[in-house]
Amino acid sequence: MDSLIALLNNFIAQWPTLSLVIGLIALPLLPLIISVAMYVWWERKVIGWMHVRMGPNQIGPLGLAQAFADVFKLLFKEITVPEKASSFLFYLAPLLALVPAMAAWAVVPIGDKLAWSNANAGLLYLLAMTSLGVYGIILAGWASNSKYAFLGAMRSAAQVVSYEIAMGMALVSVLILCGSLNLSDIVNAQAGNKGLFDWFWLPLLPMFVIYFVSGVAETNRAPFDVAEGESEIVAGFHVEYSGSAFAIFFLAEYANMILVAFLASVLFLGGWLSPLQGWGLGLLSAPGWWWLFAKAFFMAFLFLWFRATFPRYRYDQIMRLGWKVFIPITIAWTFVAGCLAYFGGVTIGPGVNP
Amino acid sequence: MTQQILFYAFAAVLIASALAVITLKNSVHAALSLVLTFFTAAGIWILAEAEFLGLALIVVYVGAVMVLFLFVVMMLDIKPESMREGFMRFLPAGVIVAAVMLAEMLSLIGVKTLQAVPLPENPAAAAGSNTAWLGQALFTKFLLPFEIAALILTVALIAAVTLTLRKRSGVRTQKPGLQVLVQRDERLRVVRMASETPKTGESA
C-alpha cells in the first residue's frame with residue numbers, strides 16, 4: 001500500500017513535466033488543422049480553375065476564409081443519430097479515423113533528426129498507424145445502421161487492405177536500399193552530389209509510382225473513391241453523419257492525404273535535401289525544410305490533379321489493379337532492389353547507422 | 001516509475017477487454033474488444049522495448065486480420081438470443097477443457113521454475129535497435145526455419161486460393177484485362193468539320 005502511495009506521489013510530482021509533454025504533443029496539430037483548411041480551399045480553387053470556374057471567391061480575400069466559414073457552419077450544426085444505430089460506436093468512429101491520422105505525424109521529420117519522435121522503428125510505426133485508420137470507416141458504416149453506409153464501409157475495407165500490401169512492399173524496397181527504419185536515416189541515405197539523381201525515386205521508380213497510387217487508394221480519393229461513390233451509394237460510409245462528426249471524418253481524410261504527400265517526399269524524393277545538392281550553388285544546394293514542404297506541396301497537388309482528371313474506377317478494376325498488377329510488380333522490384341543493394345548499384349549517403 | 005504506472009494501466013485494460021471478448025453478446029462488439037486487446041498487448045510489448053513485435057502485432061493482427069474478421073462478422077446476421085442457447089448444455093465440457101488447460105499451464109510454469117536459470121542479458125538491448133537485432137538474427141542464425149515458415153505460408157495461401165477458385169460455366173463476366181487494352185479509335189471517331197455561325201436573327 002505504501003509503495004502504491006509513493007507511486008502516486010511520484011506521478012503527481014512529475015505532473016508539470018507530463019503536462020508540458022502533452023502540450024508539446026498537441027503543438028504540431030494546430031498547423032496540421034490549419035493546413036487542412038488551406039488544402040481544402042486550394043483543392044476547390046484548383047479544381048475550379050481546371051473546370052474553368054472561379055472556385056470559392058466570396059468570403060475573405062480570394063475566398064481564403066471559405067474553409068473557416070465551412071468549419072464554423074459544420075460545428076454549429078446538429079448531429080443526428082439514426083434510429084437503432086449503435087450510438088457509442090457511432091460517436092467513436094470519427095475519433096478512430098482521426099486519432100491514427102494525427103498520431104502518424106509523430107515520426108515525420110522536417111529536418112535531420114527533427115521530429116517529435118526520432119524513433120528507430122519509425123517506418124513500422126507509420127505502417128501501423130495508417131493501417132488503423134480503416135477502423136473509423138468500417139465502424140461508421142456498421143454503426144449507422146444504413147445500407148448505403150454499410151456498402152461504403154465494405155468497399156473501403158477491402159480496398160484499404162488490398163492496397164496496404166502494395167504500399168508495404170514499396171516501403172520494404174526503400175528499407176532494403178537504405179538499411180534503416182528511421183525516417184531521418186532514410187533521407188540521409190539519399191544525400192550525395194548528383195543532385196536529384198541520388199534520391200530513391202530513380203532506382204525505385206516503379207515503387208515510387210505504386211506507393212503514391214496506393215496512397216491515393218488508401219485515402220479513398222478519386223479515382224479510387226468508390227467508398228464514397230456519390231452516384232451509387234450517396235456518400236458511402238459517412239452518409240448518416242452531420243455537423244462536427246462529419247467534419248472530423250473530413251479532417252482525417254485530408255490529414256491522411258497530406259501525410260501521404262509528406263511520406264512520398266521523405267521516402268522517394270530526398271525529404272529536406274535540395275534537388276541541386278552537391279552542385280555547389282550556395283543556398284540553392286543547401287538542405288532545408290523548405291525543400292520538403294515544396295515537394296510535399298507538389299505531391300499534395302497531384303491528389304487534386306488526379307481528382308479533376310480521371311473518371312472513377314470500377315470496383316473490379318480497382319481490385320485487379322491492386323492484386324494483379326501492383327503486387328506482382330512490387331515483388332519483382334523488391335528483388336531488383338535487393339540486387340542493387342547487394343552489388344552496390346546505389347550510393348548511400350553518409351550519416352546512416354543501421 | 002511512469003513505466004510501472006503505464007504497465008499496470010495497460011494490463012488492466014488488457015484483462016478487461018479480454019474478458020469483454022468472451023462475455024459481450026454482440027459479436028461485433030466482441031471483435032472490437034479483441035482489437036483493443038491486441039492493441040494494449042502491443043503497448044505492453046513496446047513498454048518492454050520489443051518495439052518490432054509490438055508494431056508487427058498492430059500491423060498484422062489489428063491492421064489486417066481483424067479488419068477481415070470484422071468484415072465477416074458484420075455480414076453475419078446473428079440474433080443475440082440465439083447466442084445464449086445451449087450455454088448450460090456446453091458448460092460441463094467447457095469447464096473440463098478450461099480446467100485441463102489451467103492444469104497444463106500451471107505444471108509447465110512449475111517445471112520451468114524448478115530448473116530456472118537467471119535471464120540472460122537481453123541481446124537486443126545491447127545491439128541498440130531491437131528491429132535491427134531481430135533482422136540480423138532471423139537472416140543469419142535462423143535463416144532455414146524462417147525460409148521454411150515462409151514456404152509453408154505460401155503453400156497455405158495457394159491452397160486457400162484453390163479452395164475458393166471454381167470455374168462456373170455459362171456465366172458471362174467482364175475481362176478487365178481486355179477492357180484496359182481498348183484504344184480510343186475502336187470506340188470513338190473524331191470528325192473534322194468547318195465551324196458554322198448561326199444566321200443573324202436566328203436564336204442559338
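Only heavy atoms go into these numbers, but all of them, side chains included; no hydrogens, no water, no symmetry mates. Just so we're clear, the structure is a prediction, and the values are computed from it rather than from any experiment. Letters A, B, ... are given to chains in the order of the sequence lines, protein chains preceding strands, and every chain is numbered from 1.
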> How many angstroms lie between atom CE of A/M154 and atom CE of B/M74, to the nearest 0.5 angstrom?
Replying inline: 5.5 Å

> Between B/V67 and A/V160, is any pair of side-chain heavy atoms under 4.5 Å apart?
Replying inline: no

> Which atom names give the shortest non-hydrogen contact between A/E164 and B/G63, and what distance separates them?
Replying inline: OE1-O, 3.9 Å

>> With a 6.0 Å cut-off (strictly less than), is the heavy-atom count around CD of B/Q183, excluding the residue itself, greater than 12?
In response: no

>> Given heavy-atom pairs under 4.5 angstrom as the criterion, report whether the side chain, backbone, both or neither of B/I46 touches chain A.
In response: neither

> chain B heavy atoms under 4.5 Å from A/I165: which part of the residue, side chain, backbone, both or neither?
Replying inline: neither

> Side chain, backbone, both or neither: which part of A/F88 has a non-hydrogen atom closer than 4.5 Å to chain B?
Replying inline: neither

> Given a strict heavy-atom distance threshold of 4.5 Å, which part of B/V60 is in contact with chain A: side chain, backbone, both, or neither?
Replying inline: neither

> Is the count of non-hydrogen atoms from other residues, nucleotides or ligands lying under 6.0 Å from B/Q136 atom CD greater than 12?
Replying inline: no

> With a 4.5 angstrom heavy-atom cut-off, which part of A/A158 approaches chain B: side chain, backbone, both or neither?
Replying inline: both

> So which of B/L57, B/L68, B/V35 has the largest heavy-atom pair count under 4.5 angstrom toward chain A?
Replying inline: B/V35

> If you measure from OH on A/Y125 to CD1 on B/I58, what distance do you get to the nearest 0.5 Å?
Replying inline: 9.0 Å

>> Please classify the contact between A/L127 and chain B as side chain, backbone, both or neither, with a heavy-atom cut-off of under 4.5 Å.
In response: both

>> Would you say OH of A/Y148 has more than 12 non-hydrogen atoms from neighbouring residues, nucleotides or ligands within 6.0 angstrom?
In response: no

>> So for atom CZ, which belongs to A/F150, do other residues, nucleotides or ligands contribute more than 12 heavy atoms lying within a distance under 6.0 Å?
In response: yes

>> Quick check: closest heavy atoms across B/V59 and A/L124, and the distance to 0.1 Å?
In response: CG2-O, 4.2 Å

>> Taking side chain as everything from C-beta outward and backbone as N, CA, C, O, which of these in B/L70 sits under 4.5 Å from a heavy atom of chain A? Side chain, backbone, both or neither.
In response: side chain

> Should B/F71 and A/I138 count as side-chain neighbours, where that means a heavy-atom distance under 4.5 Å?
Replying inline: no

> Quick check: are there more than 12 heavy atoms from other residues, nucleotides or ligands sitting under 6.0 Å from CZ of A/F90?
Replying inline: yes

> Heavy-atom distance under 4.5 Å to chain A: side chain of B/F39, backbone, both or neither?
Replying inline: side chain

